[in-house]
Novice: 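Below is a structure I'd like to ask you about.
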Amino acid sequence: MQVKKIVVVGGVAGGASFIARMRRLDEYAQIILLERGPHISFANCGLPYYVGGTIENRGALLIQTPERMHDVFNVDIRVENEVLFVDTNEKKVTVKNLQTGVTYQESYDYLVLAPGAQPIKPPIPGLAEAPVFTVRNVPDVDAIKNHLEQHSARTAVVVGGGYIGLEMADNLHALGLHVSIIEKAPQLIGTMDEDIAAIVAGHILSKGVHIYLNDGVDAFENNGTNTEVLLESGKKVQGDIIILAIGVRPDVKFVKESGIELGARGGIRVNAAMQTSAPAVYALGDAVEIEDFNSGTMTLIPLAGPANKQGRLVADNIAGLNKRYNGTQGTAIAKVFDLTVAATGSSERSLQARNVVYSTAITLPKSHAGYYPGALPLTIKTHFSPEGQILGAQIVGYDGVAKSIDVLATAVRLRQTVYDLQELELAYAPPFSSAKDPVNMVGFVAENMLSDRMDTVYWHDISQLDLNKAMIVDVGEADEREMGLIENSSHIPLGHLRKRLNELPQDKEIIVYCQVGIRAYIATSILLQRGYQAKVLAGGYKHYASVINALAALESQDYIFGNNEPVFVDVSKQDVYSSETADTDTN
């Protein structure tokens, strides 16, 4: 029997997952793990929560130690050993022992590359002298915690408004620091749709955190006692500690001269078997360009879940099981202060860039039965094709987000339709869901749209309406209208609509809204059958107000933070009229 010699470059999620699977499949393979850092497997997704103190025990971050992995999986583990070069012709790697400085070569039958990615650190003037930190590994967060403790930091600046940046802002805020977020793009979380990102931003503002959008860092100025971040707009932001979270790039410097092909985005190019262009060389994780499940294009998607799956798949293929990786769809979830935000599949921006024809349903169910205490609102935004295929979804809320996004992620992966969502039989009891689950409701609303029983307008359409050709009608109750209304709207409560039809012109488009859309849908059903042109405001007043108020707050933060006391009202958590979420068949 020929014993395979397998060299693995990099541990953490993908490399460690490969080793565990490979050993289960082949007891006799010789496996060598070369890891540049001091840790072979750690919970990098948990790093922000260790900084903030939610995870108190540093050891909890270390998922697997070299000693335990050696004992359980019989692996030759060499930490602080950096691979400098790959010779694919001779099937050897050149390695430097960072502890001794000795350089040596190691041969292989199979080479598995899982080097991960490195944080992007642009050459910004003053960066070397400023207290700037990244969040990628355990030594990074050790350095952050040491700086916080030694310098009694009171202010923090987070550069980058993606998932890691927002998680760090949350955890630094939890430590009592005044936090500012700087994002060069026009919104937070660039993979989200504008309205969902705005709701997240509004919630963050309500916590007293300052957000600078459409603004980048021009320089850092360290005057000895504190650091000022100079923005491209000319504004200055003080930060006793600065977190750089503007993204990562594949850590592939050591393969560039090896003949292993790189893709257009700088990652290692692989096929569906995770094979590189070099014989007997596989690659996985954050370092590879992978097929986007949604678009079919090659891209970089640095997520822990796909890296683990790819590690398992590479082991299967080396063992001769002939598995295929069918792409990454980009399912992600994050805790942002009190909110949970999640996404799967394609965003509006992605669909529009590919000229995909789609429709969008916005539903605002509660996390569980409204009559059971503690139910909180969800905002679910779902994109689907003219045939009903689910293309992507985004959810923001306080409870129940993870359950619903996972069901929708499964639907995207299986290329299911909104009609399939209607038929899903999901677990129900009052503390956990509703008899018509929030995902079922997405299917019901989308089916109404596709069958022309309901036409919609969206929050951004309202400001563009020509009131000579359209009329906005609020069918909610009087007390709801006192809490907020759309300018220039008329008020006819749903129960009075049939008696007051004479107030509605048949030569105008009637835009109907209520709090979350259910009563507006009932009203449009009445109007359409009586010959009127009627459309529903998707997501109702609640979604409209959440987005509009958040965007306005982002524009007027000097007012919000005039006395360091936030005055922005987080509309996304306000309760809604009880009849909107009653467990009755109103779809």
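Hydrogens, waters and symmetry mates play no part in the numbers below; they use all other heavy atoms, side chains included. In this chain, residues are counted from 1 in sequence order.
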Novice: Could you walk me through whether S277 and R269 pass the side-chain contact (heavy atoms from CB on, under 4.5 Å) check?
Specialist: CA-CA 7 Å; S277 60; R269 186 182 294 275; over 6 Å; no

Novice: Which atom names give the shortest non-hydrogen contact between L284 and G14, and what distance separates them?
Specialist: CD1-CA, 3.3 Å

Novice: Is there a donor-acceptor contact under 3.5 Å from the side chain of D316 to the main chain of L321?
Specialist: no

Novice: Salt bridge or not between D338 and K207? Use side-chain N to carboxylate O under 4.0 Å.
Specialist: yes

Novice: Verify side-chain contact (heavy atoms from CB on, under 4.5 Å) between V95 and Y104, making sure each step is shown before the conclusion.
Specialist: CA-CA 5 Å; V95 188; Y104 64 96; 3.4 Å; yes

Novice: Q99 and E80: side-chain donor and acceptor closer than 3.5 Å?
Specialist: yes

Novice: Do the side chains of N214 and P186 get nearer than 4.5 Å, heavy atoms only?
Specialist: yes

Novice: Pair up each side-chain donor or acceptor in residues 109-117 with any protein partner under 3.5 Å, not counting sequence neighbours, and list the distances.
Specialist:
unit_1: D109; atom_1: OD2; unit_2: K5; atom_2: N; d: 2.8

Novice: Under 6.0 Å from the ring centre and within 45 degrees of the ring axis: does the NZ or CZ of R415 meet both conditions for the six-membered ring of F293?
Specialist: yes

Novice: For P131 and D240, work out which heavy atoms get closest and say how close.
Specialist: CG-O, 3.6 Å

Novice: For the residue pair H147 and H151, categorise the inter-ring angle as parallel (less than 30°), tilted (30 to 60°) or perpendicular (more than 60°).
Specialist: parallel

Novice: Taking atom CZ as the centre, does R265 end up with more than 12 heavy-atom neighbours from other residues, nucleotides or ligands that are less than 6.0 angstrom away?
Specialist: no

Novice: Main chain of L84, side chain of T94: is a donor-acceptor contact present, judged purely on distance under 3.5 Å?
Specialist: no

Novice: Could K381 and D195 be called an ion pair, given the rule that one side-chain N must be under 4.0 Å from one carboxylate O?
Specialist: yes

Novice: Do N74 and Y28 have side chains that approach each other closer than 4.5 Å (heavy atoms only, starting at C-beta)?
Specialist: no

Novice: Under 4.5 Å between any side-chain heavy atoms of I204 and H173, yes or no?
Specialist: no

Novice: Tell me if a side-chain donor or acceptor on N81 pairs with a main-chain N or O of V79 at a distance below 3.5 Å.
Specialist: yes

Novice: Please test F337 against V209 for side-chain contact (heavy atoms from CB on, under 4.5 Å), starting from the C-alpha separation and ending with a verdict.
Specialist: CA-CA 11 Å; F337 294 81; V209 173; 3.8 Å; yes

Novice: Could you walk me through whether S180 and Y212 pass the side-chain contact (heavy atoms from CB on, under 4.5 Å) test, one step at a time?
Specialist: CA-CA 8 Å; S180 297; Y212 298 83; 4.1 Å; yes

Novice: Tell me, please, whether Y50 has K145 positioned over its six-membered ring: NZ or CZ under 6.0 Å from the ring centre and within 45 degrees of its axis?
Specialist: yes

Novice: Hey, what do you get for CD1 (I31) to CD1 (I19), rounding to the nearest 0.5 Å?
Specialist: 6.5 Å

Novice: From the options H383, R349, Q187, select the one residue that forms a side chain to side chain donor-acceptor pair (under 3.5 Å) with D193.
Specialist: H383

Novice: Does N317 reach the main-chain N or O of A273 with its side chain, forming a donor-acceptor pair under 3.5 Å?
Specialist: yes

Novice: Check P306 against T328 and note the closest heavy-atom contact, atom names and distance.
Specialist: CG-CG2, 3.6 Å

Novice: Kindly say whether M22 contributes a backbone atom to a donor-acceptor pair with the side chain of D26 at under 3.5 angstrom?
Specialist: no

Novice: Taking atom types as modelled, is there a side-chain donor on S346 or R354 under 3.5 Å from an acceptor on the other?
Specialist: yes

Novice: Locate the shortest heavy-atom distance separating A130 from T227; write the atom from each residue and the value.
Specialist: CB-CG2, 4.0 Å

Novice: How close do A201 and L554 get, counting heavy atoms only, and between which atoms?
Specialist: CB-CD1, 4.0 Å

Novice: For the side chain of D140 and the backbone of N137, is there at least one donor-acceptor N/O pair under 3.5 Å apart?
Specialist: yes

Novice: Is there a donor-acceptor pair closer than 3.5 Å between any side-chain N or O of E289 and the backbone N or O of G267?
Specialist: yes

Novice: Donor-acceptor pair, distance only, cut-off 3.5 Å: does the side chain of Q118 make one with the backbone of D251?
Specialist: no

Novice: Pick one: which of N294, T331, T382, T410 meets side chain to side chain donor-acceptor pair (under 3.5 Å) with T344?
Specialist: T331

Novice: Test your reading of the model: is there a side-chain donor-acceptor pair from R23 to the backbone of A29, 3.5 Å cut-off?
Specialist: yes

Novice: Verify whether one side chain among Q275 and N271 offers a donor that lies under 3.5 Å from an acceptor in the other.
Specialist: yes

Novice: Counting only heavy atoms not in R58, do more than 12 sit closer than 6.0 Å to its CZ atom?
Specialist: yes

Novice: Ring-plane angle category for Y398 and H203, please: parallel below 30°, perpendicular beyond 60°, tilted otherwise.
Specialist: perpendicular

Novice: Grab the two heavy atoms, one from V248 and one from R136, that are nearest each other, plus how far apart they are.
Specialist: CG1-NH1, 3.8 Å

Novice: Should we say atom NZ of K96 is surrounded by more than 12 heavy atoms from elsewhere, each under 6.0 Å from it?
Specialist: no

